[in-house]
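Data block below; observations after.
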Amino acid sequence: MKFGGTSMAGTERIRRVANLVRRQAANGDEVAVVVSAMAGETDRLVNFCREANALYDPAEYDVVVASGEQVTAGLLALTLQSLGCKARSWLGWQLPVHTVSAHAKARIEDIENDALLESLKSGTIAVIPGFQGVSSEGRISTLGRGGSDTSAVAVAAAIDADRCDIYTDVDGVYTTDPRIVARARKQKAVTYEEMLELASVGAKVLQTRSVGLAMKEGVRVQVLSSFVDDDATPADDLPGTMIVSEEEMERILEESDMERQLVTGIAHDKNEAKVILTRVPDKPGAVAHIFEPLAEASINVDMIIQNVGRDKGETDVTFTVPQADLARAQALLDDKRDEIGFNRIITDSHISKISVVGVGMKSHAGVASTMFRALSERGINIQAISTSEIKVSVMIDEDETELAVRVLHTAYGLDAED
Ligand code: ADP
Ligand code: ASP
Ligand code: MG
């Protein structure tokens with residue numbers, strides 16, 4: 001069972017969580033719980049780091065930001081004990097959760113499970129702070145924002161759990177963020193592939209890496225709400241959204257006599273920034289010169305357009321990078337100006353990316369054109385486009401994000417009926 005920040009925000013909510021855990025354990029299950037820091041806490045801790053030292057050392061940043069989960073893990077263990085349950089906390093270094101040494105964005109390599117399995121067998125509920133591990137150098141490490149989801153899936157894989165229930169503040173994965181579109185519909189199931197794509201283009205209900213790991217390890221994941229009454233449907237009856245393999249999806253569709261939607265979901269991402277390099281030489285190797293330094297600096301480039309060559313063998317190159325990396329990207333490119341040979345660098349953070357995702361696209365044409373038509377009818381200008389086998393993304397003005405999501409939700413027939 002994994003509980004996110006909103007579910008863990010304060011004594012009262014932790015008591016609700018403890019009750020859910022107690023009931024699951026009373027069912028006869030051995031239960032491992034992964035928790036997030038209280039909502040807002042990690043942001044607060046990140047700010048302290050920035051104030052202390054703008055160019056902070058990521059290893060010390062990890063020491064600070066991992067503390068939020070340590071507090072909630074201890075508090076949940078205490079609350080469970082107050083309800084008469086046997087419970088103990090296991091910090092990242094105690095299990096241990098081994099990660100690579102990349103601080104602030106570490107990857108889990110493996111989790112030692114002997115002591116944990118032993119303790120679970122003795123009927124003790126394990127409470128594990130999410131988001132943290134221990135690096136190969138023996139220092140505390142964190143997994144990147146939203147990383148408790150990944151901790152939960154990794155723990156589930158390590159103990160060969162029947163299921164990984166991700167409890168959050170919505171009762172499942174919807175066709176789009178239900179906070180933006182009131183008529184968004186809850187899905188019974190979503191495939192790993194679709195969820196991976198949705199998460200990677202901004203549906204932050206699950207961290208992207210957690211979905212990739214679940215897919216690789218075959219962990220059954222359910223997304224469901226922790227804000228439920230005592231008489232609500234138990235998690236074992238799968239009231240949330242299941243993340244499933246393609247085969248299981250086919251079965252679910254057949255059993256429920258449902259047709260597969262062309263589009264499964266719509267996501268948006270306001271955290272990217274656009275970079276334009278003007279008058280780049282239109283010759284072999286030019287693009288490699290641009291993207292190699294960015295790759296070396298671990299800056300992820302997403303949409304890329306090389307505009308039609310102008311006269312004199314020159315072209316403009318447009319691409320997006322995460323907003324958080326924009327200043328670094330700009331500095332790196334400025335440094336390489338002579339080597340790359342561009343004229344000007346133009347940047348814009350006031351953009352957003354809207355994506356429609358669905359496995360049905362593999363076999364159906366027309367998904368992209370529906371998108372372009374619907375946006376144009378509302379006067380929304382498209383600045384760039386990128387596609388994958390199961391996704392179409394467009395870049396638009398950030399102010400039009402919510403409108404675009406609503407318009408597309410209707411255009412693909414996803415709105416819930418009254
Ligand atoms: P937690 O703190 O539990 O990890 P998050 O805030 O990380 O919770 O993720 C839950 C939020 O994800 C929801 O409150 C919702 O606004 C947002 N969200 C975005 N896209 C979707 C979607 N397609 N379905 C459900 N929730 C979504
Ligand atoms: N507390 C961490 C964050 O806010 C990890 C998580 O909640 O998943 O990013
Ligand atoms: Mg989250």
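Note that ligands are numbered from 1 as they come in the structure, with each ligand's atoms numbered from 1 the same way. Worth knowing before you read on, the calculation uses all heavy atoms, side chains too, and leaves out hydrogens, waters and symmetry mates.
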> So which protein heavy atom does atom 8 (O) of ligand 1 come closest to, and at what separation?
Replying inline: Thr168 OG1, 3.1 Å
>> Could you tell me if Ser200 and Thr208 have a donor-acceptor pair between their side chains, going purely by distance under 3.5 Å?
In response: no
> Is it the side chain (CB and beyond), the backbone, both or neither of Lys204 that lies under 4.0 Å from ligand 1, heavy atoms counted?
Replying inline: both
> Relative to the heavy atoms of Thr42, which atoms of ligand 2 are at a distance of less than 4.0 Å?
Replying inline: 1 (N), 2 (C), 3 (C), 4 (O)
>> Side chains of Arg16 and Asn19 only: does a donor on one sit below 3.5 Å from an acceptor on the other?
In response: no
> Roughly how far, to the nearest 0.5 Å, is the CG atom of Leu143 from the CZ atom of Arg209?
Replying inline: 7.0 Å
> Lys2 heavy atoms, cut-off 4.0 Å: which ligand 1 atoms fall inside?
Replying inline: 4 (O)
>> Salt bridge check, Arg406 against Asp415: does any charged N sit closer than 4.0 Å to a carboxylate O?
In response: no
>> As an exercise, identify every atom of ligand 1 less than 4.0 angstrom from a heavy atom of Tyr174.
In response: 22 (C), 23 (N), 24 (N), 25 (C)
> Under 4.0 angstrom from ligand 1, any heavy atom of Gly265?
Replying inline: no
> Short list, please: which atoms of ligand 2 are under 4.0 Å from a heavy atom of Gly146?
Replying inline: 3 (C), 5 (C), 6 (C), 8 (O), 9 (O)
> Which ligand 2 atoms, with their elements, are less than 4.0 angstrom from a heavy-atom of Ser36?
Replying inline: 6 (C), 7 (O), 8 (O)
> Heavy atom of Gly130 under 4.0 Å from ligand 2?
Replying inline: no
>> Among all the protein's non-hydrogen atoms, which is closest to atom 11 (C) of ligand 1, and how far away is it?
In response: Asp169 OD1, 4.0 Å
> What protein heavy atom sits nearest atom 27 (C) of ligand 1, and how far off is it?
Replying inline: Val205 CB, 3.7 Å
> Side-chain donor-acceptor pair under 3.5 Å between Gln323 and Asn271, yes or no?
Replying inline: no
> Of the protein's non-hydrogen atoms, which lies at the shortest distance from atom 1 (N) of ligand 2, and what is that distance?
Replying inline: Glu69 OE2, 2.6 Å
> Considering only heavy atoms, does Val170 approach ligand 1 within less than 4.0 Å through its side chain, its backbone, both, or neither?
Replying inline: side chain
> What are the atoms of ligand 1, with element, lying closer than 4.0 Å to any heavy atom of Pro178?
Replying inline: 24 (N), 25 (C), 26 (N), 27 (C)
> So which of Val356, Asp177, Ile354 actually passes side-chain contact (heavy atoms from CB on, under 4.5 Å) with Val405?
Replying inline: Ile354
> Where is the nearest protein heavy atom to atom 2 (O) of ligand 1: which residue, which atom, and how far?
Replying inline: Gly5 N, 3.1 Å
>> Hydrogens and angles aside, do Asp397 and Gln383 bring a side-chain donor and acceptor to less than 3.5 Å of each other?
In response: no
> Between Glu69 and Ala37, is there a donor-acceptor pair closer than 3.5 Å when you use the side chain of the first and the backbone of the second?
Replying inline: yes
> Can you name the closest pair of heavy atoms from Gly240 and Leu224 and give their distance?
Replying inline: CA-CB, 4.0 Å
> Would you say Arg145 touches ligand 1, if touching means a heavy atom closer than 4.0 Å?
Replying inline: no
> Gly172: heavy atom below 4.0 Å from ligand 1, yes or no?
Replying inline: yes
>> Ser36 versus ligand 1: do any nitrogen or oxygen atoms come within less than 3.5 Å of each other?
In response: no
>> Any non-hydrogen side-chain atom of Val221 less than 4.5 Å from a side-chain atom of Met195?
In response: no
> Which bit of Thr176 gets closer than 4.0 Å to ligand 1, counting heavy atoms only: side chain, backbone, both or neither?
Replying inline: backbone
> N/O of Arg179 under 3.5 Å from N/O of ligand 1, yes or no?
Replying inline: yes
> Do Asp149 and Ser210 have a side chain donor and acceptor closer than 3.5 Å?
Replying inline: no
> Looking at Arg44 and Glu41, does any basic side-chain N land under 4.0 Å from a carboxylate oxygen?
Replying inline: yes
> Tell me, which protein residue and heavy-atom name are nearest atom 6 (C) of ligand 2, and how many Å apart are they?
Replying inline: Ser148 OG, 3.3 Å
> In terms of atom number and element, which parts of ligand 1 are under 4.0 angstrom from non-hydrogen atoms of Val173?
Replying inline: 24 (N)
>> Please confirm whether Gln207 approaches ligand 2 to less than 4.0 Å, judged on its heavy atoms.
In response: no
>> I'd like to check which ligand 2 atoms, numbered from 1 as shown, lie under 4.0 Å from a non-hydrogen atom of Arg145.
In response: 3 (C), 4 (O), 9 (O)
> In terms of side-chain geometry, is the basic nitrogen of Lys188 or Glu255 positioned less than 4.0 Å from the acidic oxygen of its partner?
Replying inline: no
> Just by distance, with hydrogens left out, do Thr142 and Asp62 show a side-chain donor and acceptor under 3.5 Å apart?
Replying inline: yes
>> Under 4.0 Å, counting heavy atoms only: does Gly5 come that close to any atom of ligand 2?
In response: no
>> Side chains of Gln207 and Thr150 only: does a donor on one sit below 3.5 Å from an acceptor on the other?
In response: yes
>> Can you report which non-hydrogen protein atom sits closest to atom 21 (C) of ligand 1, along with the distance?
In response: Asp177 CA, 3.7 Å
